[in-house]
Each structure stands twice: as structure tokens, then as C-alpha cells.
Number of protein chains: 2
Amino acid sequence: MANDGRSDVPLGRRSPMATTRVMVADRNVITRVGIRSILERNAGMAVVAEATTYEAILDAVDEHGPDVLIMDLDLGDDTTRGLKICEEITDRYPGTKVLVLANTLSEMIVVEALRRGATGYLCKDDVKADELGKGVKAVQDGETVLGKGVGSMVARGLGSSRGQAEHLTDRELDVIRAVAKGLSNKQIAVQMYVTESTVKFHLQNAARKLNTHRRAELVHRAAAAGLL
Amino acid sequence: MANDGRSDVPLGRRSPMATTRVMVADRNVITRVGIRSILERNAGMAVVAEATTYEAILDAVDEHGPDVLIMDLDLGDDTTRGLKICEEITDRYPGTKVLVLANTLSEMIVVEALRRGATGYLCKDDVKADELGKGVKAVQDGETVLGKGVGSMVARGLGSSRGQAEHLTDRELDVIRAVAKGLSNKQIAVQMYVTESTVKFHLQNAARKLNTHRRAELVHRAAAAGLL
DNA sequence: TAACTACCTAGCCAAACGGCTAGGTAGGAG
DNA sequence: CTCCTACCTAGCCGTTTGGCTAGGTAGTTA
């Protein structure tokens with residue numbers, strides 16, 4: 001029942017040349033309008049829906065059944081939420097390909113997104129106007145599209161983590177966020193209703209996963225990965 | 001000679017109602033196209049030039065003499081460079097008002113930008129489509145435009161630093177960048193050819209300026225302010 | 001059932017850090 | 001010349017940290 005919604009929405013497939021139905025998910029109006037303008041220069045492409053929140057994405061995909069969903073993983077304060085949505089879409093709506101259009105380039109996020117079913121990953125600041133249209137077409141055909149610098153990152157990411165990127169648990173993220181605020185382990189312990197030992201435990205695990213052993217770098221990497 | 005360039009570029013001022021000549025500086029094509037689309041819905045507004053690098057901004061402003069320059073301060077790897085450009089434009093081309101359109105909201109950057117002559121400061125993720133056009137018009141009239149959340153930030157910023165934001169010295173930035181990489185004070189000392197005491201000295205000063213006393217938070221704030 | 005994950009706790013030790021006081025130099029501005 | 005800024009150095013002391021070993025529970029999956 002998951003993708004039944006698609007069958008009753010073949011509207012828009014009426015032009016002589018099949019139209020690529022695109023949906024855009026981004027919190028930023030300017031970006032949404034920009035993507036729409038760029039894509040609609042190409043004949044045969046139409047932006048059929050937009051979404052600005054995580055909740056709205058699933059509804060809109062279900063309702064409009066786009067061929068390609070262009071999405072920014074960061075639609076709120078939680079990029080991991082974006083990753084989950086990405087996985088959910090590709091699981092439940094195999095007819096909709098996901099093209100991630102990210103603000104930043106973080107190895108961890110790139111690897112996770114692809115592992116969860118994204119067919120393409122482009123970086124906003126690097127993408128050229130014509131690349132966007134080509135990327136959408138390629139992704140629609142099931143071809144994997146990786147932007148400038150993304151490819152090598154994937155290679156490294158898959159190599160270093162042997163196929164499965166370790167990702168931070170909720171608790172670890174909580175601790176890191178507290179560290180970023182300048183709290184000491186003791187203060188964090190009080191705030192989280194656990195002991196200082198536990199705080200140190202989570203930090204050690206997080207540090208190992210992010211491949212560092214210094215809290216300053218830990219915070220920096222987590223921030224760079226869009227985790228804060 | 002600075003703004004002589006304006007007089008020979010009155011093209012576009014031919015409509016009955018005076019046209020607002022806008023220039024957009026942003027590294028991101030999608031954003032540039034988006035802004036153009038949104039503004040050109042309003043009659044009486046035209047995007048007459050675009051720039052994607054710091055160098056190109058000054059040339060383009062000199063050549064086209066826009067009424068309003070919409071710019072992202074972060075066009076490369078150095079936001080402070082954007083601040084300098086902002087100051088230079090407002091100094092040399094008083095006929096061109098600067099409206100900063102930022103990705104992130106950092107108290108330090110906001111305060112600095114306004115101190116250096118920006119007439120408005122909006123945040124990409126918060127701005128609504130109609131606000132952009134209104135903002136441009138208001139800025140053109142010399143009215144200060146502050147986006148959601150920016151106002152209170154300015155108040156706090158001006159209050160805490162009494163009119164002059166303390167800014168980090170080169171050396172302090174070097175040390176912070178090293179800390180962000182996870183280096184210890186000793187390692188940083190070796191790398192910078194100074195003693196550990198000196199490293200600690202710079203860190204203490206930087207920490208005071210950024211109003212913290214923990215290196216993890218120091219790195220986080222510096223990163224949030226686009227200083228790394 | 002066993003195995004696994006996420007979570008929590010304890011204590012030890014050496015290293016690193018923060019906070020402080022008290023000096024120094026070189027270069028530019030008034 | 002004096003003041004000021006940015007830069008550099010020294011040492012002390014208490015706190016925080018990183019790194020470690022060695023346990024525990026609850027919930028899920030195989």
C-alpha cells in the first residue's frame with residue numbers, strides 16, 4: 001500500500017516527450033525558486049511539488065509521486081532526520097529517486113546518504129546550472145550522480161569503515177552538543193542525570209567513531225558534519 | 001573617480017517608474033537564479049550584474065553601479081574578506097547600499113557587517129519570498145533591514161562590546177585552527193615555533209574575546225562565526 | 001535461548017588544560 | 001618620547017581531560 005498513491009497521479013505525463021516530474025525539498029525559498037527556474041529551462045522537466053519540512057516530504061511524495069526528489073538533508077536542526085527520510089522514501093517509493101543537494105560536504109553524511117538509497121549527491125556551492133538538469137535526468141535513469149569532490153570522499157568513506165559508516169547514537173550526540181556549549185563533563189552529567197563516568201564513556205565512544213581523541217576536534221567534526 | 005562609473009550606466013532606468021538596479025554576489029548559482037526570479041516578479045526591479053568571487057564584486061560594482069548589492073559574505077574560505085569588501089563598497093560607492101544575505105546567523109558577523117556599513121542583514125533560511133523584494137526596496141531607501149532574530153542579536157552585540165566588536169588577531173586565529181584539528185598546546189607550539197606558554201596566552205585572549213573559557217566551545221563559536 | 005546494541009557506572013593515573021601573575025620585544029600613532 | 005597593540009615567555013596550581021579496565025541493565029533480534 002505504500003506506493004499505491006502513485007498510480008492515481010499520472011497527471012503531467014501527457015506531453016509528447018515524457019515529462020520528468022521533480023519535487024524539491026528545501027527550507028530555503030530562494031533555493032526552491034532557483035531550482036525551479038533552472039530546471040524549467042529544460043523542456044520536459046516540471047517541478048510538481050515543494051516541501052520545507054521533514055513531515056511535508058513524505059506526504060508530498062505520497063501525493064505527487066515525483067520521478068526525482070531533490071532534497072537538502074538539513075531541513076531543521078537534525079540532519080540525521082533527513083537521512084532517515086531519505087531511507088524511507090527509497091524503501092517505500094522505489095519509483096522516486098532521491099538526489100541530495102547539500103550545503104556542506106561531509107564524508108560521513110555523504111556515505112550515509114548513499115548507503116540509505118540516495119541515487120545522487122551534489123553540493124550546492126559547486127554545482128553549475130547545467131549540471132543540475134543533467135543530474136536530475138541521470139538520477140531518473142537510475143544512474144548514480146556524484147558532485148565535485150564527492151566521489152573520492154565515497155571511496156575513502158567506504159574504505160575506512162568497511163562498508164558501514166559508524167554513526168553516533170542519540171546519547172553521544174547529546175553529550176557532544178553539551179561539550180560544544182563549553183560544559184565540563186561534570187556539568188553535563190548533572191544536566192543529563194547521569195554520572196560523570198557515563199559522560200566520559202559516551203565521549204570516548206563518539207571520539208572513536210569520529211576518529212579523534214580531543215573534544216575540541218570532536219565538536220569541530222560533528223559541527224562540520226552538520227550534526228549540531 | 002571611484003563612483004564615476006555609475007554615470008555612464010543609466011541603462012535600465014528607462015521605465016516610467018524608476019527601476020531598482022540590483023546586483024547579486026553569491027557563489028551559488030541556484031541562489032543567484034532564485035534571487036533573480038523572485039526580484040523580477042516585482043516590476044521595477046532588475047538584476048543588472050552578478051559576481052561569484054570577492055575580486056569580481058568590486059569590478060562589477062564599479063562597472064554597473066547598482067542601487068543595491070545583495071551579497072553573501074562567505075564567497076570563499078574567508079568571511080573576514082567579505083566584511084572588508086562590505087566596508088570598501090560602502091566607503092567608495094555611497095550610492096550602492098549593501099544588503100547582506102547570509103547562510104548562518106552569528107552575532108559577531110552581524111555586528112561587524114553593520115558596523116562596516118551594511119544597510120541590511122537577512123538570513124537565507126528565514127527570509128520569505130516577499131520579504132526579499134521589500135527588503136531590497138527598504139535598503140535602497142536607506143532604511144536598515146534586519147531579518148528574523150537579527151535585531152536582538154545586534155542589541156546584545158552592541159551592548160556587550162560597547163560599540164566595537166573585539167576581533168581576533170591573526171595569531172589567535174592560527175591557534176584556534178590548530179585546536180580545531182585536535183592538536184595539544186604542545187603540538188601547536190612546535191608547529192608555530194613558539195613556546196607552549198605563548199599558545200596558552202593566545203588561547204586565553206581568544207577565549208576572552210569569544211566569551212568562553214573552554215577550547216571546545218571556542219572552536220565551536222569560531223566555526224559558527226565562519227572564522228575557520 | 002543467546003547475541004547484540006545502546007545505555008549506564010566505577011575508579012585509577014598521567015597528561016592536558018585554565019587561570020593567574022609578571023615580565024619581555026617590535027612597530028605604529030599621537 | 002610615550003602610549004598602544006600585537007606578539008612572545010615563564011612558572012605555579014588546581015581542575016579537567018583522555019585512556020584504560022571491568023563491570024552492570026533493558027530491549028531487540030536471531
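In what follows, chains are A, B, ... by sequence order, proteins preceding strands, each numbered from 1. Being a predicted model, the structure only gives us computed values, none of them experimental.
In this structure, D174(A) places its CG atom 14 Å from P of dA6(C), rounding to the nearest Å. For the pair L173(A) CG and dC7(C) C1', the computed distance is 15 Å after rounding to whole Å. Summarising the geometry, the separation between CG on L210(B) and C1' on dG18(C) is reported as 16 Å, rounded to the nearest angstrom.
Under the side-chain hydrogen bond (donor to acceptor under 3.5 Å, both in side chains) criterion, E87(B) pairs with R116(B), not counting sequence neighbours. In this structure T195(B) satisfies the side-chain hydrogen bond (donor to acceptor under 3.5 Å, both in side chains) test together with T198(B), sequence neighbours excluded. Listed by chain and residue number, R92(B) satisfy the side-chain hydrogen bond (donor to acceptor under 3.5 Å, both in side chains) test with E88(B) (two or more places apart in sequence, or in another chain). Legend: residues meeting side-chain contact (heavy atoms from CB on, under 4.5 Å) with E172(A), ordered by chain and number and at least two apart, are L168(A), T169(A), H202(A), N205(A), A206(A), K209(A). Partners of K124(A) under the salt bridge (Lys or Arg N to Asp or Glu O under 4.0 Å) rule, at least two apart in sequence or in another chain, are D26(A), D72(A). Applying the side-chain contact (heavy atoms from CB on, under 4.5 Å) criterion to Q204(A), with sequence neighbours excluded, gives no partner residue. Every residue two or more places apart in sequence or in another chain was checked for a side-chain hydrogen bond (donor to acceptor under 3.5 Å, both in side chains) with E143(A), and none qualifies.
Side-chain proximity of D170(A) to the nucleotides dT9(D), dC7(C), dG18(D) is greatest for dC7(C).
Using a 4.0 Å cut-off, some side-chain N or O of T198(A) falls inside it from OP1 or OP2 of dT9(C). A close approach under 4.0 Å does not occur between any side-chain nitrogen or oxygen of S197(A) and OP1 or OP2 of dC8(C). At dC8(C), none of the side-chain N or O atoms of T195(A) fall inside 4.0 Å of OP1 or OP2 (strictly under the cut-off).
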Between N or O atoms, less than 3.5 Å apart, protein on one side and nucleotides 21-30 of chain D on the other: list the pairs.
none

Name the pairs: protein N/O against N/O of nucleotides 14-17 of chain C, kept only if under 3.5 Å.
from, atom 1, to, atom 2, distance (Å)
dA16(C), O3', R214(A), NH2, 3.3
dC17(C), OP1, R215(B), NH1, 2.7
dC17(C), OP2, N185(B), N, 2.8

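Residues V127(A) and I30(B) meet the side-chain proximity criterion, which asks for heavy atoms closer than 4.5 Å.
The stretch residues 219-228 of chain B participates, sequence neighbours left out, in these salt bridge (Lys or Arg N to Asp or Glu O under 4.0 Å) pairs: E217(B)-R221(B). For residues 176-195 of chain B, the salt bridge (Lys or Arg N to Asp or Glu O under 4.0 Å) pairs, not counting sequence neighbours, are D174(B)-R177(B).
Over its length, the helix from dT1(C)-dA30(D) to dG30(C)-dC1(D) turns its helix axis by 50°, as judged from the five terminal pairs at each end, rounded to 10°.
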